[in-house]
Amino acid sequence: MIALITGASSGFGEAIARLFVQNGHRVILLARRESKLKNLQNELGIFAQTIVCDVRDTQSIHAKIRTLPAEFQSIDILINNAGLALGLDSADKADIHDWETMVEVNVLALIKLTHLLLPQMVAQGHGHIINIGSIAGTYPYPCGNVYGATKAFVKQFSLNLRADLYDKNIRVTDIEPGLCGGSEFSLVRFKGDQAKADSVYENTQPLLPQDIAQSVLWVASLPSHVNINRLEMMPTMQAPAALNVYKKSK
Ligand code: NDP
Ligand code: 8X3
């Protein structure tokens with residue numbers, strides 16, 4: 001199988017790429033940071049190709065896919081993993097540009113890349129779109145505002161894709177992880193503040209990128225008549241929060 005993995009320069013994407021190659025698949029690694037992609041490509045050898053690109057630039061991605069060696073052209077699996085949270089501020093204090101960037105990357109880029117690759121999957125008679133959503137798309141939390149909303153979009157888009165594709169032998173899965181360490185997610189969210197990023201995982205045992213990679217490989221490796229629609233996963237020490245009631249002070 002050939003898998004196009006967006007956001008392959010770190011975290012989940014990097015772990016997914018390694019595990020897919022270990023299991024006999026070929027991977028196309030997409031992200032903006034060339035040196036990170038090239039290091040991973042060197043490690044994975046002939047089983048990997050790279051597309052150095054902003055995931056929002058669908059036209060360039062289209063052009064670059066066409067320049068790949070023939071044996072990487074027929075993409076079987078699209079793993080829409082590139083994404084980010086920016087800031088953790090109350091809606092009234094959040095930066096509108098952060099909101100726009102999250103919508104552009106987590107929503108717009110994801111639907112445009114899906115739209116670009118779907119016709120080829122339909123023509124070849126099989127395919128699998130694996131979206132990386134989040135528990136934030138189901139459970140609201142304070143200051144999760146637009147990030148959670150983008151992941152709710154990813155969840156519903158995945159389910160609606162199922163409605164259009166169930167008779168075309170194309171599978172669609174939304175993987176919805178909870179707290180996961182070992183990636184740059186919190187460093188990006190807190191804009192390079194390493195101490196703040198580290199504090200998110202302090203005294204916890206979060207999921208790891210390898211755990212997410214195992215789930216992605218599992219849903220992709222099931223017999224083709226089996227579709228996992230949604231896979232929600234959390235570390236054992238995390239649970240959906242209780243409802244909060246604000247009590248005014250007397
Ligand atoms: P990382 O920050 O480690 O990885 C994000 C990846 O996305 C990087 O490879 C980055 O590459 C890429 N990316 C970001 N913006 C762009 C862009 N404009 N164009 C191309 N690539 C881009 O985080 P994770 O691995 O943790 O996150 C992966 C996905 O998992 C995200 O969608 C995230 O929302 C989701 N998620 C994360 C959870 C967590 O707790 N970590 C839990 C649930 C979901 P580069 O900067 O080189 O372009
Ligand atoms: C990332 C997990 O809980 O920080 O999607 O939103 S969380």
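Order of listing sets the numbers, starting from 1, for every ligand and every atom in it.
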*Check ion pair K36-E184 (N to O, under 4.0 angstrom)*: yes

Check: of S10, G7, G11, min heavy-atom distance to atom 4 (O) of ligand 1 comes from S10

Y147 heavy atoms within 4.0 Å reach ligand 1 at atoms 33 (C), 34 (O), 35 (C), 36 (N), 44 (C)

Check: Taking atom types as modelled and ignoring hydrogens, do the side chains of E176 and Y139 form a donor-acceptor contact shorter than 3.5 angstrom?
Finding: no

- Answer yes or no for R162 and F157: cation-pi contact, defined as NZ/CZ to six-membered ring centre under 6.0 Å and angle to ring axis within 45°. no

- Message: Would Q238 count as being in polar contact with ligand 2, using the rule that some N or O on each side must be under 3.5 angstrom apart?
- Response: no

Of S186, A136, A82, the residue with the heavy atom nearest atom 13 (N) of ligand 1 is A82

In ligand 1, the atoms that come under 4.0 Å of a heavy atom of D54 are 17 (C), 18 (N), 19 (N)

Within 4.0 Å of some non-hydrogen atom of A8, the atoms of ligand 1 are 9 (O)

Output for pair (I5 CD1, E14 CD), nearest 0.5 Å, gives 10.5 Å

Quiz item: Got an N/O contact under 3.5 Å between C180 and ligand 1?
Solution: yes

From the list D76, N169, T173, side chain to side chain donor-acceptor pair (under 3.5 Å) partner of H128 resolves to T173

